[in-house]
Number of protein chains: 2
Amino acid sequence: MADNRPIGVFDSGIGGLTVLREIWDLLPGEGTVYFGDNGRAPYGTKSKSTVIKYSLQNMRFLEEQDVKMIVIACNTASAHAYRTLAEASKVPVIEVVTPGAKAAAGATKNGRIGIIATKGSVNSGVYKDAVERFAAPGTEIYQQACPLFVSLAEEGWWDNDITAAVCKEYLTPLKEAGIDTLVLGCTHYPLLSSAIGKFMGPEVTLINAGKAVAEVVRDTLAEQGISGENSLRAFYTSDEPELFEDVASPFLGRGLPAGTKHFDTDRYSV
Amino acid sequence: MADNRPIGVFDSGIGGLTVLREIWDLLPGEGTVYFGDNGRAPYGTKSKSTVIKYSLQNMRFLEEQDVKMIVIACNTASAHAYRTLAEASKVPVIEVVTPGAKAAAGATKNGRIGIIATKGSVNSGVYKDAVERFAAPGTEIYQQACPLFVSLAEEGWWDNDITAAVCKEYLTPLKEAGIDTLVLGCTHYPLLSSAIGKFMGPEVTLINAGKAVAEVVRDTLAEQGISGENSLRAFYTSDEPELFEDVASPFLGRGLPAGTKHFDTDRYSV
């Protein structure tokens with residue numbers, strides 16, 4: 001019952017590489033095809049209808065690569081587009097909000113959970129709903145949009161004075177609320193873990209959903225009997241491959257294999 | 001010889017509104033159609049080929065609105081796509097790099113000019129070339145990409161401690177080089193004028209090209225005999241109109257007329 005087709009993974013750009021690395025680490029024998037929509041990134045500041053349209057186009061591309069599963073490795077796309085994609089897809093669709101929410105609900109001891117994410121994710125309310133679904137009754141949830149964090153991560157300012165000041169600006173309300181668990185609800189944020197952790201203090205657990213997502217991928221492959229072996233590790237981007245390769249490595253946590261290709265998913269009408 | 005058709009103006013999103021306001025102020029009788037490509041913004045981090053494609057699509061849309069002139073109210077699009085658009089267009093195309101470069105060349109007294117812009121604009125070298133074309137021989141030109149400035153402008157952090165720290169990080173090399181003139185080479189940057197001016201000091205002249213661009217528009221209309229009268233002030237965006245209207249006013253410097261419409265220029269194959 002093996003299925004040796006690759007797993008499809010997409011993100012607005014490079015943030016999803018922080019999820020891909022966890023999939024590689026947990027499932028080194030599986031093949032992957034990654035699509036980064038860098039030509040239209042970021043998604044976090046864009047509207048629900050736009051993010052749904054782009055996500056459908058990206059999924060369409062991955063389907064044409066004959067993947068056995070779609071991983072939405074982007075919190076904003078997961079928040080806005082998961083239901084639409086799951087209904088439209090013939091293969092299982094994995095999103096990143098639920099695993100992070102579940103992990104946070106399991107980690108809190110004092111029943112106060114913080115969520116930091118893009119404006120789009122926060123306004124959708126999807127993260128808050130997901131945490132409420134798994135958390136004990138009476139759990140208090142605090143959300144904060146952190147739009148500057150994406151730019152800081154991409155600029156490489158992961159832990160300097162400016163990042164510390166931005167952390168203070170965004171995170172003070174969460175700290176004052178006394179949370180003991182903080183969901184990093186955007187795939188860019190793990191790069192800022194050190195700065196975020198310093199500001200929040202060691203008593204606050206940071207939840208990076210990447211690992212939990214990889215576990216869901218593993219469990220779903222097993223349940224559906226579609227685990228397999230494939231050495232493919234392909235990369236596509238809707239902007240120029242050189243730009244993608246220039247910024248990808250810190251997110252992937254290692255060197256990127258050569259040979260990223262260009263593809264415009266906007267050619268699909270959805 | 002009047003031509004009452006409107007002037008078409010496009011930008012990657014809202015930054016071009018800092019140019020539109022100057023056109024309105026200088027030419028209050030002319031009609032305008034503005035297109036903001038918010039669904040694919042920003043352009044400053046994207047590659048030349050991608051920016052050319054998007055700019056051609058945006059121009060195509062404006063042509064279908066029967067405009068008499070195209071204003072590229074975006075420095076990155078001007079740097080990458082002006083030549084392509086000027087060749088493809090049946091009506092005059094105005095860009096924003098040359099007017100700013102000319103103004104800077106005229107303003108410097110010590111022959112040391114700084115240019116701050118997006119990564120795309122800086123890497124294109126187009127701004128530097130333009131300043132060199134107008135400046136006295138021996139003029140020294142210093143460029144600096146300031147990617148965080150766009151996020152700061154959109155977040156509304158125009159003049160706080162974080163913006164001051166980011167200014168220090170980016171602008172210290174220009175200050176140490178002893179420039180007396182600084183081109184704000186991205187349509188978002190005028191919102192940060194106060195913070196930039198405070199860091200650089202009163203002896204440094206900041207060049208906001210918006211006014212100079214409006215003068216080029218006026219002169220071109222006059223030279224070509226296509227001035228006219230039209231009360232149209234239409235707005236289109238490739239994301240949701242509500243999102244556009246939420247963030248537009250500070251850039252436009254006044255309330256936005258109601259009725260922004262949605263349009264996807266990605267439907268054009270170019």
Side-chain angles (χ1 to χ4, degrees), chain A residues 12-14 37-54 57 80 118-120 123 145-157 160-170 237-247 262 264-270, chain B residues 12-14 37-54 57 80 118-120 123 145-157 160-170 237-247 262 264-270:
Chain A
S12 60
I14 50 176
D37 196 10
N38 301 72
R40 304 185 292 192
Y43 286 180
T45 51
K46 290 171 185 137
S47 69
K48 177 169 180 162
S49 59
T50 295
V51 172
I52 288 177
K53 174 183 152 184
Y54 294 174
Q57 291 174 320
H80 286 321
T118 64
K119 273 189 190 169
N123 293 341
C146 304
L148 258 288
F149 278 5
V150 168
S151 312
L152 290 168
E154 296 196 349
E155 180 70 334
W157 292 358
N160 69 10
D161 290 350
I162 290 167
T163 305
V166 176
C167 282
K168 191 178 166 197
E169 183 70 27
Y170 285 139
T237 171
S238 55
D239 204 343
E240 282 185 10
E242 295 69 27
L243 278 184
F244 181 84
E245 291 176 346
D246 281 351
V247 288
H262 175 86
D264 288 322
T265 57
D266 64 6
R267 69 181 61 171
Y268 298 118
S269 56
V270 292
Chain B
S12 60
I14 49 176
D37 196 11
N38 301 72
R40 303 186 292 192
Y43 285 0
T45 51
K46 291 174 185 137
S47 68
K48 178 169 177 161
S49 58
T50 295
V51 172
I52 288 177
K53 174 184 153 184
Y54 293 174
Q57 291 174 319
H80 286 321
T118 65
K119 273 190 190 167
N123 293 341
C146 304
L148 257 288
F149 278 4
V150 168
S151 312
L152 291 168
E154 295 196 351
E155 180 70 333
W157 292 358
N160 69 11
D161 290 349
I162 291 167
T163 306
V166 176
C167 283
K168 190 178 167 197
E169 182 70 26
Y170 284 139
T237 172
S238 55
D239 204 343
E240 281 186 10
E242 296 68 30
L243 278 184
F244 181 84
E245 291 176 347
D246 281 351
V247 287
H262 175 86
D264 288 322
T265 57
D266 64 7
R267 69 181 63 174
Y268 299 118
S269 55
V270 293

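Quick caveat, the model's predicted, so the values are computed rather than measured. Computation of the quantities below employed the complete heavy-atom set of this structure, encompassing side-chain atoms and omitting hydrogens, waters and symmetry-equivalent molecules. Convention: sequence-line order gives letters A, B, ...; per-chain numbering from 1.
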Please give me the minimum heavy-atom distance between B:Asp239 and A:Thr45, naming the atom from each residue.
OD2-O, 4.4 Å
Provide the closest heavy-atom pair for A:Pro42 versus B:Ala41 in the form atom of the first, atom of the second, distance.
CD-O, 3.7 Å
Proximity breakdown for A:Tyr43 and chain B, heavy-atom pairs closer than 4.5 Å
neither
Please state whether the side chain, the backbone, both or neither of A:Lys53 comes within less than 4.5 Å of a heavy atom of chain B.
side chain
For B:Asp161, does the CG atom sit with more than 12 other heavy atoms under 6.0 Å from it, leaving out its own atoms?
no
What part of B:Glu242 gets closer than 4.5 Å to chain A, counting heavy atoms only: side chain, backbone, both or neither?
neither
Looking at every heavy atom in both A:Glu240 and B:Ser49, which two are closest together, and how far apart are they?
OE2-OG, 2.7 Å
Largest heavy-atom contact set with chain A, pairs under 4.5 Å, which of B:Val150, B:Val51, B:Val166
B:Val166
Look only at the side chain of B:Lys46 and the backbone of A:Leu243, and say whether a donor-acceptor pair between them is shorter than 3.5 Å.
no
When the 4.5 angstrom heavy-atom criterion is applied to B:Ser269 and chain A, the contacting part is neither
Taking the side chain as everything from C-beta on, heavy atoms only, tell me whether A:Glu155 gets closer than 4.5 Å to B:Lys119.
yes
Please look at A:Asp264 and chain B and tell me whether the side chain, the backbone, both or neither of the residue comes under 4.5 angstrom of a heavy atom of that chain.
side chain
State, yes or no, whether a side-chain contact exists between A:Asp266 and B:Arg267 at a heavy-atom distance under 4.5 Å.
no
